Chemist: 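Please find one structure pasted underneath; my questions will follow.
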Amino acid sequence: MTPTPIPPALVELLDDAALDLNALARGCAVTTEWVHTHVEAGVLEPLAGGGAAEWRFSSTTLARARRIAELEHTYDADPQLAALTADLMEEVARLRRLVRDF
């Protein structure tokens with residue numbers, strides 16, 4: 001079965017710092033406290049801002065946060081283990097792109 005392409009009119013592009021703390025939390029179906037804890041632990045990195053009210057996140061961070069939240073929920077993994085797993089998944093995807101493009 002071939003996936004149905006998304007019509008261009010339905011695709012919304014986000015700039016690199018489009019998401020604030022609340023938007024990231026909503027996008028991952030987690031609390032703002034969850035995001036704050038993961039930023040403080042170094043698992044997620046905001047692009048800008050000193051305090052939580054000024055944090056901005058990229059769409060790439062949104063995808064990473066969703067992956068980490070899913071790993072934590074599905075496997076009852078602690079944040080550091082989920083982040084390590086996400087790092088490895090991202091590296092495998094990068095290497096696959098590299099091999100494909102070679």
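Note that the structure is a prediction, hence the values are computed from the model and not measured.
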Chemist: Within the structure provided, determine whether W34 and L44 are in side-chain contact (heavy-atom separation under 4.5 Å).
Modeler: yes
Chemist: Given 3.5 Å as the limit, does a donor-acceptor pair link the side chain of R56 with the main chain of A18, or not?
Modeler: no
Chemist: Considering only NZ, NE, NH1 and NH2 on the basic side and carboxylate oxygens on the acidic side, decide whether D87 and R64 come within less than 4.0 Å.
Modeler: yes
Chemist: If you define the side chain from C-beta out and look only at heavy atoms, does anything of N22 sit under 4.5 Å from W55?
Modeler: no
Chemist: Suppose clustering is done on Ile, Leu, Val, Met, Phe, Trp and Tyr with side-chain heavy atoms closer than 4.5 Å. Which residues sit in the same group as V92?
Modeler: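 In the cluster with V92 there is nothing else; it is isolated.
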Chemist: Kindly work out whether a path of hydrophobic side-chain contacts (I/L/V/M/F/W/Y, heavy atoms less than 4.5 Å apart) joins L84 to Y75.
Modeler: no
Chemist: If the test is side chain to side chain contact (heavy atoms under 4.5 Å, CB included), which one of D20, L62, V35 qualifies with F57?
Modeler: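 Of the listed options, the one satisfying the test is V35.
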Chemist: Is E91 salt-bridged to R94, going by a charged N under 4.0 Å from an acidic O?
Modeler: yes
Chemist: Given side-chain hydrogen bond (donor to acceptor under 3.5 Å, both in side chains), test H38 with E72 step by step and report yes or no.
Modeler: CA-CA 12 Å; H38 286 71; E72 288 178 9; 2.6 Å; yes
Chemist: Check whether any side-chain heavy atom of E45 sits under 4.5 Å from a side-chain heavy atom of V39, and report yes or no.
Modeler: no
Chemist: Under a single-linkage definition using a 4.5 Å side-chain heavy-atom cutoff for Ile, Leu, Val, Met, Phe, Trp and Tyr, are L24 and V43 assigned to the same hydrophobic cluster?
Modeler: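 Yes, same cluster.
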Chemist: Indicate the atoms forming the closest heavy-atom contact of A65 with C28, along with that distance.
Modeler: CB-SG, 3.4 Å
Chemist: As an exercise, state the distance from NE2 of H73 to CD of E70, rounded to the nearest 0.5 Å.
Modeler: 6.5 Å
Chemist: To the nearest 0.5 Å, how far apart are CZ in R26 and CG in L21?
Modeler: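 Between R26 CZ and L21 CG, I get 9.5 Å after rounding to 0.5 Å.
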Chemist: Within the structure provided, determine whether L19 and S58 are in side-chain contact (heavy-atom separation under 4.5 Å).
Modeler: no
Chemist: If you take all heavy atoms of I68 and A86, which pair is closest and at what distance?
Modeler: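 The answer is CG1-CB, 3.9 Å.
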